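This report concerns only the one structure given below.
This structure is a prediction, so every number in the text was calculated from the model and none was measured.
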Amino acid sequence: MSQLAAREPYTTSFEATVVDRDGRAVVLDETYFYAESGGQPADRGTLAGAPVAHVRTREDGDIVHRLAEDTDLEAVPEVGQPVRGQVDESFRTYCMRAHTASHALYGAGRELLADLGYGGFDIGERKVRVDFTTATDIDDEVLADLERLTNRAVWDSRPVTWAEIPEAEARSREEIAFNTKTEEGVMSEADTVRVVEIEGFDWAACGGTHVENTREIGPVTVLDRSNPGEGLTRVEFAVGPTAIRRRAEDVRAARAAARELDASVPDLPDAARQAGEEIERLTAELNDARDELLAARLADLGDEPVERDGGEWLVGTVSGFGPNEVADRAKALAGDGGDAGGPDASGDAETGYDAVVLAGEDGSTFVVAATAGDPAAGDVVGEVTDAFGGGGGGRPTFAQGGGLDATPEEVVAFLRE
């Protein structure tokens with residue numbers, strides 16, 4: 001048998017008798033407080049004016065009301081005495097709407113999703129989640145249709161009813177959805193199953209509190225989807241003020257984006273796609289221009305090579321470029337170089353330098369060294385970090401260092417000495 005709160009969810013004020021009490025734990029002969037079960041949180045409210053911190057069902061089936069820690073226990077009735085219970089109407093109503101909305105969402109899934117099944121359910125403070133098992137990929141378009149059909153069920157003002165029926169009958173009816181993870185309060189080792197029906201739309205074994213008509217749910221806004229585990233798709237949604245606020249935020253954002261893109265809201269996808277393509281094109285052009293600028297700068301450096309350790313070094317600054325951007329160019333210019341499109345490609349600089357050492361700034365001063373192996377690139381970087389601090393390392397033919405306590409110009413002057 002389901003909880004009394006689930007059978008009569010609109011009752012929020014009642015009188016009962018205390019039948020058991022252990023400190024702050026109180027058991028009544030009957031209660032309209034909903035005990036946490038099946039993904040629905042416990043009701044809030046008061047007993048004899050004392051705040052109820054939590055409500056749960058014991059193994060023996062009794063519902064235990066745990067009072068707040070700061071409760072004056074002397075003011076709480078003893079066993080055998082009457083007590084008035086007051087359920088928080090606002091939170092009860094929220095849970096009724098949210099729980100019924102989850103059924104409406106599942107009903108929408110019946111029309112859209114293949115091999116549909118329940119995988120989990122939970123009512124949170126600001127959002128509700130339903131986990132589906134389905135062979136259908138719930139993409140953006142399907143998500144929008146789920147929201148549309150759920151709200152259509154609200155608009156249609158479908159009656160919502162619940163009844164206890166024999167378990168064998170419930171199991172034989174293919175339209176009734178069962179969730180083995182949230183059947184506590186539904187089965188309860190009884191011979192009957194509590195079935196909640198949204199007329200002509202959804203049927204589910206459920207022990208929670210629900211509204212009597214879908215119009216009481218109010219607007220439903222789908223917030224997000226995710227994959228919490230293999231074979232599961234989690235859909236999160238909101239009802240009430242959170243749903244209205246999120247919908248308003250989405251509308252404002254869409255209109256602002258439409259203004260920026262000089263398009264109407266329905267045309268936003270095409271406008272955004274065109275903007276993305278334009279960004280890709282401009283980014284490619286910018287990268288090409290930066291490559292040309294770097295090549296020209298290195299070609300200029302080739303006019304003033306440095307004679308060091310019996311070899312010819314290319315040394316200079318590369319302000320405006322990061323170490324990863326100049327690495328390939330440096331490698332191409334060291335040794336036999338040539339294939340990476342370095343300055344040699346334009347004929348403005350010789351290749352085959354014994355060492356190419358470039359300094360720049362990328363948050364802090366860095367140095368990049370590429371060689372033919374003699375001298376070792378790591379030794380070159382080590383010489384710089386010994387002089388200016390920082391750290392680095394690499395292979396014999398390529399190394400880099402960073403965090404230098406010097407400007408790129410000071411590093412180059414040191415190497416040219």
Just do the side-chain contact (heavy atoms from CB on, under 4.5 Å) check on Tyr32 and Gln3 with the steps written out, would you? CA-CA 8 Å; Tyr32 285 86; Gln3 297 183 39; over 6 Å; no

Spacing of Arg171 atom CZ and Ile176 atom CD1 [to the nearest 0.5 Å]: 9.5 Å

Taking the side chain from Gln81 and the backbone from Glu78, do they hold a donor-acceptor pair closer than 3.5 Å? yes

For Glu285, is there an ion pair with Arg281 - N to carboxylate O distance below 4.0 angstrom? yes

In terms of the angle between their ring planes, are Trp162 and His210 parallel, tilted or perpendicular, with boundaries placed at 30° and 60°? tilted

Please determine if Glu277 and Arg273 form a salt bridge, counting it only when a charged side-chain N lies under 4.0 Å from a carboxylate O. no

Donor on one side chain, acceptor on other, Glu197 and Trp203, under 3.5 Å: yes

For residues Thr161 and Glu199, is any side-chain donor paired with an opposing acceptor at under 3.5 Å? no

What distance separates Leu67 CG from Leu47 CG, expressed to the nearest 0.5 Å? 6.0 Å

Let me see the working for Ser13 and Gln86 under side-chain hydrogen bond (donor to acceptor under 3.5 Å, both in side chains), right down to the final yes or no. CA-CA 5 Å; Ser13 182; Gln86 179 62 55; 3.3 Å; yes

Quick check: do Ser264 and Asp267 have side-chain heavy atoms less than 4.5 Å from each other? yes

Looking at every heavy atom in both Val83 and Val18, which two are closest together, and how far apart are they? CG1-CG2, 4.1 Å

Would you say Glu89 and Thr12 are linked by a side-chain donor-acceptor pair, where the criterion is simply a distance under 3.5 Å? yes

Does the pair Arg126/Glu236 count as a salt bridge with the N-to-O cut at 4.0 Å? no

Within 45 degrees of the axis of the six-membered ring of Phe321 and under 6.0 Å from its centre: does Arg290 put its NZ or CZ there? yes

Can you check ring pair (Phe, Tyr, Trp, His ring centres under 6.0 Å) on His99 and Phe121, steps first, answer last? CA-CA 9 Å; His99 206 148; Phe121 162 78; 4.5 Å; yes

Are Glu167 and Thr192 side-chain neighbours, meaning at least one heavy-atom pair lies under 4.5 Å? no

Determine the minimum heavy-atom distance between Ala170 and Val193, stating which atoms define it. CB-CB, 3.9 Å

Can you give me the closest heavy-atom contact between Val55 and Ala42, atom names plus distance? O-CB, 3.5 Å

Looking at side-chain heavy atoms only, is the closest gap between Asp20 and Val26 below 4.5 Å? no

Using 0.5 Å steps for rounding, measure from the CG atom of Leu286 to the CG atom of Leu282. 8.5 Å

Can you tell me if Arg173 has over 12 outside heavy atoms packed within less than 6.0 Å of its CZ? yes

Full working for side-chain contact (heavy atoms from CB on, under 4.5 Å) between Leu301 and Leu298: CA-CA 5 Å; Leu301 293 177; Leu298 295 179; 3.8 Å; yes

Could you tell me the separation between the CG atom of Asp156 and the CD1 atom of Ile198, rounded to the nearest 0.5 Å? 11.0 Å

Say whether, by atom type as modelled, one donor and one acceptor occur between the side chain of Glu147 and the main chain of Val222 under 3.5 angstrom. yes

Contact summary for Glu30 and Ala16, nearest pair of heavy atoms: O-CB, 3.2 Å

Apply salt bridge (Lys or Arg N to Asp or Glu O under 4.0 Å) to residues Arg44 and Glu125 and explain how you reach the verdict. CA-CA 13 Å; Arg44 302 167 182 174; Glu125 291 280 347; 2.3 Å; yes

Considering all heavy atoms, the nearest Tyr34-Asp43 contact: N-OD2, 2.7 Å

Consider side chain to side chain contact (heavy atoms under 4.5 Å, CB included). Of Val239, Ile217, Asn213, which one does Thr100 pass it with? Ile217

Does the side chain of Asp362 come within less than 4.5 Å of Pro323's, by heavy atoms? yes

I'd like to check Pro77 versus Pro82 (side-chain heavy atoms, cut-off strictly below 4.5 Å). Are they in contact? no

Would the distance check show the side chain of Glu8 and the main-chain N or O of Ala5 forming a donor-acceptor pair, the cut-off being under 3.5 Å? no

Lys NZ or Arg CZ of Arg84 over Phe14 ring: under 6.0 Å, within 45°: no

Counting C-beta onward and ignoring hydrogens, is there a side-chain heavy-atom pair between Phe366 and Val318 closer than 4.5 Å? yes

Check step by step if ring pair (Phe, Tyr, Trp, His ring centres under 6.0 Å) holds for Tyr106 and Tyr118. CA-CA 8 Å; Tyr106 193 87; Tyr118 261 128; 4.2 Å; yes

Quick one: pull up CZ in Arg194 and SG in Cys206 and give me the separation to the nearest 0.5 Å. 6.5 Å

Given side chains that start at C-beta, do those of Leu314 and Val357 come closer than 4.5 Å, heavy atoms only? no

Within the side chain of Thr385, is there an N or O that forms a donor-acceptor pair under 3.5 Å with the backbone of Val381? yes

If you measure from CD on Glu409 to OG1 on Thr317, what distance do you get to the nearest 0.5 Å? 5.5 Å

In sequence, state the C-alpha distance, the side-chain angles, and the governing distance for Leu73 and Arg21, and then conclude on side-chain contact (heavy atoms from CB on, under 4.5 Å). CA-CA 11 Å; Leu73 296 182; Arg21 180 181 160 198; 3.2 Å; yes

Any salt bridge linking Arg56 with Asp62? Criterion: basic side-chain nitrogen under 4.0 Å from a carboxylate oxygen. no

Sole residue of Gln40, Arg97, Arg92 in side-chain hydrogen bond (donor to acceptor under 3.5 Å, both in side chains) with Thr209: Gln40

Side-chain (Asn227) to main-chain (Leu232) donor-acceptor, under 3.5 angstrom: yes

Check Arg416 with Glu410, please: is the shortest side-chain N to carboxylate O separation under 4.0 Å? no

Heavy atoms of Thr371 and Ala377 approach each other most closely as OG1-N, 3.7 Å

When you check the gap from the basic side-chain N to the acidic O, do Asp300 and Arg297 get nearer than 4.0 Å? no

Salt-bridge present (Asp250, Arg252; N to O < 4.0 Å): no

Spell out, as yes or no, whether a donor-acceptor pair under 3.5 Å connects the side chain of Thr46 to the backbone of Gly85. no

Side-chain contact, heavy-atom cut-off 4.5 Å: Phe91 with Thr93? no

According to the side-chain hydrogen bond (donor to acceptor under 3.5 Å, both in side chains) rule, which pairs have a member within residues 132-144, sequence neighbours left out? Asp140-Arg225

Kindly determine whether Arg234 and Asp122 satisfy salt bridge (Lys or Arg N to Asp or Glu O under 4.0 Å), including the steps that lead there. CA-CA 11 Å; Arg234 174 167 295 172; Asp122 183 72; over 6 Å; no

Just by distance, no angles: are the side chains of His65 and Thr31 close enough, under 3.5 Å, to form a donor-acceptor pair? yes

Would you say the side-chain atoms of Arg24 and Thr71 include a donor-acceptor pair closer than 3.5 Å? no

Main-chain N/O of Ala238 paired with Thr242 side-chain donor or acceptor, under 3.5 Å: no

